[in-house]
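No hydrogens, no waters, no symmetry mates; every other heavy atom, side chains included, goes into these values. Below, read A as the first sequence line, B as the second, and so on, with proteins coming before strands; counting in each chain starts at 1.
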There are 2 protein chains.
Amino acid sequence: MTRARHTDVRETIGDDHPTCRLRDVLDRVGDKWSVLVMDLLGDGPKRYSELQRSIAGISQRMLTLTLRSLERDGLVERTVTPTSPPRVDYALTPVGRTLSSQVSGLIVWARQHRDYVAASRARYDAS
Amino acid sequence: MTRARHTDVRETIGDDHPTCRLRDVLDRVGDKWSVLVMDLLGDGPKRYSELQRSIAGISQRMLTLTLRSLERDGLVERTVTPTSPPRVDYALTPVGRTLSSQVSGLIVWARQHRDYVAASRARYDAS
DNA sequence: CGGTATCCGACCGGATACTG
DNA sequence: CAGTATCCGGTCGGATACCG
């Protein structure tokens, strides 16, 4: 939202001119909390409190904001069971699952190459 | 298998050791400029000024910082030709290419689903 | 339980100026 | 051409408090 601040993006990157859209989606992937949430939800629906426990370090504020934007993008579905106290479940939508599998590929990459990256950094910083 | 395809994101994130390295790598993907630069370099080596021209909207500062961190991570190689004026070329390393291909998967996803995402947002914002 | 509202410090990144 | 240095406004996100 209001990413328009960042000037007019008429660029040669990608084939399609509105790179803003492309960037919007990539920003979603770029968000570290979104990635972690989508990865967890790839395992199946989870309650709010489950997510909060699983992602130690995330603040209530950020968990809510993350879930809201994922829901807004149609990647996550929110289900409220009006018991008392209320129960809220989050699950990936079908489209959300397709993104989740892409993200999963990235995570696999990250795990496979983290030693390489760490070594590269050490070497770079040494010189 | 219910959770085999997932990473150990369940580890705490509060303590910085185990997961933060994973996150460091994902942050690289998360950076919007890094993604664009890697995508461009996927086509072959490029000069500094070519990148700057292709990615309209990027500041000189950010292009330099982005390239430096990609180089530090061993994903991009910097080659200086000491002519006058100097010429600097950037190219993906072999490992950089493997990440680049993951990234292109994401970009393909983004193109395929950008209408869906846009529609979801419109519907969400309307309610 | 599952949020919302508000404050505020940290950091990110654009603009600008200068250099080998 | 390919950077580095500095300033600084804006945003992100943690902490805290409160609510249905």
message: Per the salt bridge (charged side-chain N to carboxylate O under 4.0 Å, His left out) rule, what does the pair list look like for residues 55-67 of chain B, sequence neighbours excluded?
response: none
task: Tell me, please, which residues at least two apart from Val88(B) pass side chain to side chain contact (heavy atoms under 4.5 Å, CB included).
output: Arg78(B), Val80(B), Tyr90(B)
- prompt: How close or far is atom C1' of dG13(C) from atom NZ of Lys32(B), stated in whole angstroms?
  reply: 9 Å
field: Distance, rounded to the nearest Å, where Ile58(B) contributes CD1 and dG14(C) contributes C1'
entry: 12 Å
message: In whole Å, I'd like the distance from the CH2 atom of Trp33(B) to the C1' atom of dC12(C).
response: 13 Å
query: Looking at residues at least two apart in the chain, or sitting in another chain, which of them share a side chain to side chain donor-acceptor pair (under 3.5 Å) with Thr66(B)?
result: none
Any residue meeting side chain to side chain contact (heavy atoms under 4.5 Å, CB included) with Ser69(B), in chain and number order, not counting sequence neighbours: Arg28(B)
- request: Not counting sequence neighbours, which residues clear salt bridge (Lys or Arg N to Asp or Glu O under 4.0 Å) with Asp125(A)? List them please.
  value: Arg72(B)
query: If you pin Met62(A) and Pro85(A) to their nearest nucleotides in DNA chain D, which one's is more 5'?
result: Met62(A)
- request: May I have the distance from Leu63(B) (atom CG) to dT16(C) (atom P), rounded to whole angstrom?
  value: 18 Å
query: To the nearest Å, how far apart are Gln52(A) CD and dG14(D) C1'?
result: 13 Å
- request: Figure out the CG/P separation between Leu65(A) and dA15(D), and round it to whole Å.
  value: 15 Å
- prompt: Under 4.5 Å between any side-chain heavy atoms of Ser34(B) and Leu70(B), yes or no?
  reply: yes
statement: One would report the end-axis bend of the helix from dC1(C)-dG20(D) to dG20(C)-dC1(D), five pairs per end and rounded to 10 degrees, as 50°
field: Per-nucleotide protein contact string for nucleotides 2-7 of chain D (B base, S sugar-phosphate only, - none; heavy atom under 4.0 Å)
entry: BBB-B-
- line: For Gln112(A), the side chain to side chain contact (heavy atoms under 4.5 Å, CB included) test, sequence neighbours excluded, returns Val108(A)
- request: Could I get the full list of side chain to side chain contact (heavy atoms under 4.5 Å, CB included) partners for Arg47(B), not counting sequence neighbours?
  value: Ser49(B), Glu50(B), Arg87(B), Asp89(B)
